[in-house]
Amino acid sequence: MAAGPSRRDLAILHFIGRDATDEIEANHSEDTLKLIPRYSIGRVELTDGVWEPFIPPIATGWVRRPGASGKLEWYREAAEVVSSKDTEFEPSSSILLVSKDERLSEASGPTLESLKHPPSSLSLKTQAEHSKAWRELHQRVIDAGLYKTRYITGYGPEVARYTLLASLSAYAYAHNWLIPSAVFLGLFWHQLVFTAHDLGHMGVTHNWAADRIIATVIADFIGGLSIGWWVQNHNVHHLVTNHPSHDPDIEHLPFFAISPVFLESLWSSYYKRTMKFDAFAKFFISLQHKLFYVVMAFARFNLYANSYTYLYKKAFDTRRARGGSWAWRLEVAGIVFFWAWFTRVLVGCGSWQKALVYLLVSHVVTSPLHVQIVLSHFSMPTGDLGPIESFPHRQMRTTSDVICPESLAFIHGGLHLQVTHHLFPRLPRHNLRQASQLVKEFAKEQGLTYNEFGFIDGNHEVIGTLSLVAEQVKIMGKVASVEAREAVEKRNGAAVGGDSCKRLNGNGNGIHKKQV
């Protein structure tokens with residue numbers, strides 16, 4: 001564990017007590033899978049070949065960290081809230097995390113009883129069948145040769161496109177056409193990130209060191225972003241997709257909340273902090289459906305913040321992980337190089353006003369990429385169906401494709417086929433369309449829904465989701481206002497006597513008169 005990635009091996013911690021066979025096969029190469037038996041400490045006898053899962057301790061707020069003696073000890077970082085209802089956002093199997101009450105005494109660690117999962121609407125047998133069918137599908141994908149990278153027909157046209165956009169930006173800059181130069185630079189960044197994505201998944205050369213070096217050149221040296229941060233964040237997203245307490249890709253308070261449960265100030269197991277729903281968040285969330293595109297226009301600046309925070313913390317993290325030392329140093333060198341050349345570009349604009357415009361235009365142009373990324377998840381279910389849910393069921397339930405003609409697929413970088421990508425993260429991007437046909441057949445055979453919608457419809461779905469939560473915030477404000485008025489009127493009524501005051505009725509959605 002100490003040699004794994006930072007964030008204390010979240011990818012592993014989320015599967016303690018669970019069958020992670022599918023997740024491991026989907027996210028690791030054949031060479032890596034051959035190493036796994038070295039770390040085996042025993043074998044488990046299964047009943048009917050099915051493992052009855054437990055809740056991972058981290059899902060109930062328990063983690064292990066060094067104690068006073070230096071040995072790992074159990075520590076409760078958050079408190080779990082088990083759903084007492086059965087709704088779309090909080091099904092009966094749901095477990096969310098909130099800040100723990102420091103005043104309450106706590107146990108010395110989780111118990112076997114506390115790690116038993118709540119009742120689920122899913123059948124363990126059915127989920128096992130989905131899992132078995134996915135492995136058969138995976139073998140079909142392998143047999144079809146879809147893990148082979150198309151260097152010439154796939155990346156050939158992309159390299160030509162990158163070269164063209166970079167050249168146009170440089171040419172326009174040389175002629176002092178600053179706005180066109182900034183636009184082409186933004187488009188260059190937009191397109192280049194798709195290849196960085198592939199490399200982060202080891203989906204190009206399929207060699208960790210080679211893919212990481214190339215990815216660092218693209219992301220850090222050219223784009224100013226940390227590929228190490230992105231891989232860490234993205235791996236967790238792929239494993240606990242759309243879980244409000246665990247998936248960093250949907251944890252965007254105070255700016256966005258895609259589920260009403262975020263209004264409860266949840267604890268994030270990724271960021272290790274409470275996502276406070278405070279006055280600032282209330283203001284933004286109540287307007288999030290109106291500010292969505294404005295916020296997304298500046299999303300790249302948030303990526304800088306996350307990248308540099310990661311690199312700073314990584315400086316004090318373990319170096320035993322693969323590439324733990326040289327990869328970090330290469331990234332830091334890349335960030336320094338990026339700001340050296342980009343600062344020179346800004347200074348060359350001639351004035352701070354022109355430099356500011358160049359900075360904003362080049363970054364805003366990349367915003368369609370950020371919009372595209374959230375389309376596949378923001379409008380999809382966020383309810384926790386528990387550890388019983390299989391890998392294919394969870395990925396297909398929480399992910400959607402963006403329908404796009406093949407001639408325009410390059411705009412989306414081929415990643416509009418997110419359903420297939422989530423089922424096979426390491427699959428080379430240029431083979432996703434062919435693989436998606438196999439996935440659709442699989443979905444039909446297993447009775448699963450293959451979600452897909454057009455770009456415009458997808459935007460409507462996301463805005464609708466944001467609007468729904470924003471409306472909940474407004475309702476909360478009205479309820480709080482009525483309750484405050486009720487308290488004042490009760491106090492005044494008690495002082496004067498005989499007056500009537502207004503209060504919410506028992507179900508909280510109306511007003512009636514009461515004599516006091």
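Both backbone and side-chain heavy atoms feed into the values below; hydrogens, waters and symmetry mates do not.
Annotation: Lys354, atom NZ; neighbour count of heavy atoms from other residues, nucleotides and ligands within 6.0 Å does not exceed 12. Environment of CD in Glu30: sparse, with no more than 12 heavy atoms of neighbouring residues, nucleotides or ligands closer than 6.0 Å. Other residues, nucleotides and ligands place more than 12 heavy atoms under 6.0 Å from the CG atom of Leu35. The number of heavy atoms from other shown groups lying within 6.0 Å of CD (Gln446) is above 12. Tyr171 OH: 12 or fewer foreign heavy atoms inside a 6.0 Å radius. For Gln353, the CD atom counts as densely surrounded, since its 6.0 Å shell holds more than 12 non-hydrogen atoms of other residues, nucleotides or ligands. For Ile456, the CD1 atom counts as loosely surrounded, since its 6.0 Å shell holds 12 or fewer non-hydrogen atoms of other residues, nucleotides or ligands.
Legend: residues meeting side-chain hydrogen bond (donor to acceptor under 3.5 Å, both in side chains) with Ser181, ordered by chain and number and at least two apart, are Ser169, Tyr358. Remark: Arg273 engages no residue in a side-chain hydrogen bond (donor to acceptor under 3.5 Å, both in side chains) (not counting sequence neighbours). With sequence neighbours excluded, the residues that form a ring pair (Phe, Tyr, Trp, His ring centres under 6.0 Å) with Phe424 are Trp134, His138.
Here the side chain of Asn459 pairs a donor or acceptor atom with the backbone of Phe455 at under 3.5 angstrom. In this structure a side-chain-to-backbone donor-acceptor pair under 3.5 Å is missing from Thr32 to His28. Remark: the backbone N or O of Ser362 is not paired with any side-chain donor or acceptor of Trp189 at under 3.5 angstrom. Here the side chain of Arg135 pairs no donor or acceptor atom with the backbone of Asp22 at under 3.5 angstrom. Under a 3.5 Å cut-off, the side chain of His206 and the backbone N or O of Met202 do form a donor-acceptor pair. Under a 3.5 Å cut-off, the side chain of Thr449 and the backbone N or O of Asn451 do not form any donor-acceptor pair. Under the 3.5 Å distance criterion, the side-chain polar atoms of Ser286 are matched with a main-chain donor or acceptor of Phe283. When atom types are taken as modelled, the side chain of Ser376 and the backbone of Ser400 share a donor-acceptor pair closer than 3.5 angstrom. Counting only distance, with no hydrogens or angles, the side chain of Thr149 and the backbone of Val204 share a donor-acceptor pair below 3.5 Å. A donor-acceptor pair under 3.5 Å is formed between the side chain of Asp211 and the backbone N or O of Thr205.
Among Leu385, Asp384, Thr382, the one residue that satisfies the side-chain contact (heavy atoms from CB on, under 4.5 Å) test with His243 is Asp384. The residue from Phe262, Phe255, Phe277 that alone fulfils the ring-ring contact (aromatic ring centres under 6.0 Å, His included) condition with Phe284 is Phe255.
The nearest pair of heavy atoms linking Ile16 to Pro57 is CG2-CD, 3.9 Å. The two atoms that bring His252 and Pro248 nearest to each other are CE1-O, 4.0 Å, heavy atoms only. Heavy atoms only, all atoms of each residue included: Pro56 and Arg18 are closest at CG-CD, 3.5 Å. For Ile227 against Glu331, the heavy-atom pair with the smallest separation is N-OE1, 3.0 Å.
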**Stepwise side-chain contact (heavy atoms from CB on, under 4.5 Å) check, Leu165 with Leu192** = CA-CA 10 Å; Leu165 291 172; Leu192 204 58; over 6 Å; no

**Request:** Decide side chain to side chain donor-acceptor pair (under 3.5 Å) for Tyr271 and Asn306; before the verdict, give the C-alpha distance in whole Å, the side-chain angles of both, and the deciding distance to 0.1 Å.
**Result:** CA-CA 10 Å; Tyr271 291 110; Asn306 286 330; 4.5 Å; no

**Asked** Going through the distances and angles, do Arg426 and Glu25 end up as a salt bridge (Lys or Arg N to Asp or Glu O under 4.0 Å)?
**Response** CA-CA 10 Å; Arg426 296 183 301 105; Glu25 288 190 7; over 6 Å; no

**Request:** Starting from the C-alpha separation in whole Å, work towards a yes-or-no answer on side-chain contact (heavy atoms from CB on, under 4.5 Å) for Val374 and Met296.
**Result:** CA-CA 10 Å; Val374 304; Met296 297 308 277; 3.9 Å; yes

**Asked** Where do His421 and His197 land on the ring-ring contact (aromatic ring centres under 6.0 Å, His included) test, with the steps shown first?
**Response** CA-CA 11 Å; His421 170 60; His197 171 276; 4.7 Å; yes

**Request:** Kindly indicate, with the supporting measurements, whether the criterion side-chain contact (heavy atoms from CB on, under 4.5 Å) is fulfilled by Leu178 and Val357.
**Result:** CA-CA 9 Å; Leu178 298 182; Val357 171; over 6 Å; no

**From CA spacing to verdict: side-chain contact (heavy atoms from CB on, under 4.5 Å), Tyr293, Val371** = CA-CA 8 Å; Tyr293 296 108; Val371 173; 4.2 Å; yes

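In this structure, a donor-acceptor pair under 3.5 Å is absent between the side chains of Glu23 and Asn27. For the 3.5 Å distance criterion, the side chains of Thr274 and Ser265 fail to qualify, holding no donor opposite an acceptor. Of the N and O atoms on the side chains of Arg394 and Ser390, not one donor lies less than 3.5 Å from an acceptor on the other residue. Looking at Thr241 and Asp247, their side chains never bring a donor and an acceptor atom within 3.5 Å of each other. Side-chain N/O atoms of His246 and Ser269 include a donor and acceptor closer than 3.5 Å. A donor-acceptor pair shorter than 3.5 Å cannot be found between the side chains of Gln418 and Thr399. Checked by atom type, the side-chain pair Tyr450/Asp401 shows a donor-acceptor distance below 3.5 Å. Neither side chain, Asp31 nor Ser29, offers a donor N or O lying under 3.5 Å from an acceptor on the other. No donor-acceptor contact under 3.5 angstrom links the side chains of Ser436 and Arg433, judged on distance only.
When side chains are defined from C-beta on, Thr465 does not count as touching Met380, because their heavy atoms never get closer than 4.5 Å.
Relative orientation of the Tyr162 and Phe188 rings is perpendicular, given thresholds of 30° and 60° on the angle between their planes. Aromatic ring pairs are classed by plane angle as parallel below 30°, tilted from 30° to 60° and perpendicular above 60°; the pair Trp341 and Phe338 is perpendicular. Using bins of under 30°, 30° to 60° and over 60° for the plane-to-plane angle, the ring pair His201/His238 lands in the perpendicular bin.
Salt-bridge annotation for Glu77 and Lys272: present, with a side-chain N of the basic residue lying under 4.0 Å from a carboxylate O of the acidic one.
Between His190 and His412, the ring centre distance reaches or exceeds 6.0 Å. If you look at Phe292 and Phe256, their ring centroids are closer than 6.0 Å. Taking the centre of each ring, Tyr155 and His430 come in below the 6.0 Å mark. Ring-centre distance between Trp328 and Tyr312: not below the 6.0 Å cut-off. A ring-centre distance under 6.0 Å is found for His363 and Tyr304.
One distance of note links CZ of Phe194 with CD1 of Ile411; it measures 9.5 Å at 0.5 Å rounding. The structure places NE2 of His237 at 4.5 Å from CG of Asp249, a figure rounded to the nearest 0.5 Å. Here the CG atom belonging to Leu417 is positioned 11.5 Å from the CG atom belonging to Asn431, to the nearest 0.5 angstrom.
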